[in-house]
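Numbers here are sequence positions counted from 1.
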Amino acid sequence: EMNIPENMKKKIALYCNVREENVIENLTASNLYEVPLMLEKQGLAKSVCEKLKLKNIKPQNSEWEKMVEKILEIKKDNIVNIAIVGKYVKLEDSYLSVVESLHHAGYANNVNVKISFVDSEKINNKNVEQTLKKYDGIIVPGGFGNRGIEGMITAIKYVRENKIPFLGICLGMQMACIEFARNVLKLSDVNSEEFDNECENPIIHIMEDQKIIRKKGGTMRLGAYPCVLKEGSYARKLYGKGEISERHRHRYEFNNKYREAIEEKGLHIVGTSPDNKLVEIVELNEKEHPFFIAGQFHPEFKSRPNRPQPLFVEFIKKAKQH
């Protein structure tokens, strides 16, 4: 909270057997992204380079400095309220990458993002409006297992019908497809095979190459995969190119048997694997909903404070306008 006096640095150096110039203070920062600049100013990089006998190249932090300066200039009362509706809300670090991605997008939109964690197990048809109406945008993030999924589906129905900006991530995309099939396509007994492998309409089913796997450890669809974006789609406009690469972590996917039906009713498939076999992104038309996009991947894994992820940036932009 305060600078270390020189006499204290000497004492620390003496009793810890560390050179005095290598006693580095780590002050409390108003923003996480100030810390690298503070440590640079303290001489940490110089000391490390000397210790490891590396060439001490002059740092080029001007881009980072401008970013931090911009962050600190954002007015405190300039706020958007975002809810993360998930099942792991008691352990908030489970969604840390999503949280930081939202902050990155906030910096890009010159707003502070205030994030609330909403337990999807506690959402139902009776309380969904009261629970979610105060938020400018809703995210349903990834996860596994059937706990809390009905609350997610109820939340997605509410934001779809009330035109509240929505971003679905991995499980969030699957729940968006289930909600749409149940409430727009009016199909009965719709679910994911992950939760009910005997349901009549498994709009989400296990991937073909996962069916033969018995030992589950490390066998999911993991890592970065290419995705082709449909010409004229909202997603393609946001990314600014026809092919992207995003990181995945899942076993289940959209069932291609239902492609034509959901597209006819307005949930558009706008991102697929290059061979067109896997559905990666679905969206509602911009004219029908301000922002309703869901991806089978995890866009939060590639977001950086100085390079915010496009879907998060647009999500916060629309939440700001809500």
Side-chain angles (χ1 to χ4, degrees), residues 1-4 9 21-52 54 56-84 86 88-89 91-117 135-137 139 141-142 165 167 169 224 238-240 244-247 295 297-321:
E1 294 178 350
M2 59 187 73
N3 294 99
I4 303 174
K9 280 191 176 183
E21 60 267 31
N22 288 348
V23 177
I24 307 295
E25 67 182 18
N26 195 10
L27 288 168
T28 299
S30 60
N31 183 279
L32 172 68
Y33 300 110
E34 289 182 82
V35 174
L37 297 176
M38 289 166 54
L39 293 177
E40 182 64 56
K41 190 176 179 181
Q42 283 286 309
L44 176 62
K46 182 174 181 292
S47 294
V48 170
C49 288
E50 285 178 359
K51 191 71 178 175
L52 297 178
L54 298 172
N56 186 20
I57 299 169
K58 186 178 179 180
Q60 297 179 21
N61 292 324
S62 58
E63 181 190 350
W64 199 271
E65 288 168 355
K66 287 177 183 176
M67 180 195 74
V68 169
E69 189 177 319
K70 182 182 177 182
I71 292 170
L72 298 178
E73 286 176 351
I74 297 173
K75 294 179 180 178
K76 289 184 179 180
D77 60 351
N78 201 2
I79 294 171
V80 294
N81 291 289
I82 302 297
I84 295 177
Y88 310 129
V89 294
L91 186 62
E92 293 178 3
D93 278 3
S94 299
Y95 301 123
L96 187 58
S97 295
V98 176
V99 168
E100 286 306 310
S101 298
L102 286 167
H103 288 311
H104 302 164
Y107 306 149
N109 282 286
N110 200 37
V111 294
N112 294 296
V113 181
K114 183 179 179 182
I115 299 165
S116 300
F117 296 91
Y135 297 109
D136 302 308
I139 285 185
L167 177 61
I169 298 173
L238 299 182
Y239 278 98
I244 60 171
S245 173
E246 293 285 7
R247 289 169 59 184
F297 47 82
H298 288 266
E300 71 272 24
F301 290 165
K302 285 195 169 185
S303 185
R304 301 292 181 267
N306 55 339
R307 296 190 305 278
Q309 209 280 341
L311 296 181
F312 281 95
V313 173
E314 187 72 4
F315 171 68
I316 293 299
K317 178 183 175 181
K318 293 298 184 180
K320 183 180 175 181
Q321 296 169 359

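Minimum interatomic distance between P299 and I169 (heavy atoms only, all atoms of both residues): CD-CG2, 4.0 Å. Between N109 and K317 the shortest heavy-atom distance is OD1-CB, 3.4 Å.
Residues that satisfy the side-chain contact (heavy atoms from CB on, under 4.5 Å) test with L91, not counting sequence neighbours, are S94. For K66, the side-chain contact (heavy atoms from CB on, under 4.5 Å) test picks out no residue, with sequence neighbours left out. Looking at residues two or more places apart in sequence or on another chain, you find no ring-ring contact (aromatic ring centres under 6.0 Å, His included) involving H103. A search for side-chain contact (heavy atoms from CB on, under 4.5 Å) contacts involving F117 returns I84, V89, E92, Y95, V99, I115, not counting sequence neighbours. Checked against side-chain hydrogen bond (donor to acceptor under 3.5 Å, both in side chains), N81 has no partners two or more places apart in sequence or in another chain. With sequence neighbours excluded, the residues that form a side-chain hydrogen bond (donor to acceptor under 3.5 Å, both in side chains) with E246 are Y239, Q309. Residues satisfying the side-chain contact (heavy atoms from CB on, under 4.5 Å) test with N61, not counting sequence neighbours, are L37, E40, P59, E65. Listed by chain and number, the residues in a side-chain hydrogen bond (donor to acceptor under 3.5 Å, both in side chains) with S30 are E34 (sequence neighbours excluded). The salt bridge (Lys or Arg N to Asp or Glu O under 4.0 Å) test applied to E25 returns no partner, not counting sequence neighbours. Looking at residues two or more places apart in sequence or on another chain, you find a side-chain hydrogen bond (donor to acceptor under 3.5 Å, both in side chains) between S47 and N22.
Counting only residues at least two apart or in different chains, ring-ring contact (aromatic ring centres under 6.0 Å, His included) contacts with residues 24-44 comprise Y33-H104.
Between P308 and Y107, the closest side-chain pair of non-hydrogen atoms is not below 4.5 Å.
How far NZ of K318 is from CG of L167: 14.0 Å, rounded to the nearest 0.5 Å. Taken to the nearest 0.5 Å, the OG atom of S101 stands 8.5 Å off from the CZ atom of R304. Here the CG-NZ distance, from N78 to K320, works out to 6.0 Å after rounding to the nearest 0.5 Å.
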What side-chain donor-acceptor pairs closer than 3.5 Å can you find for residues 68-75, not counting sequence neighbours?
none

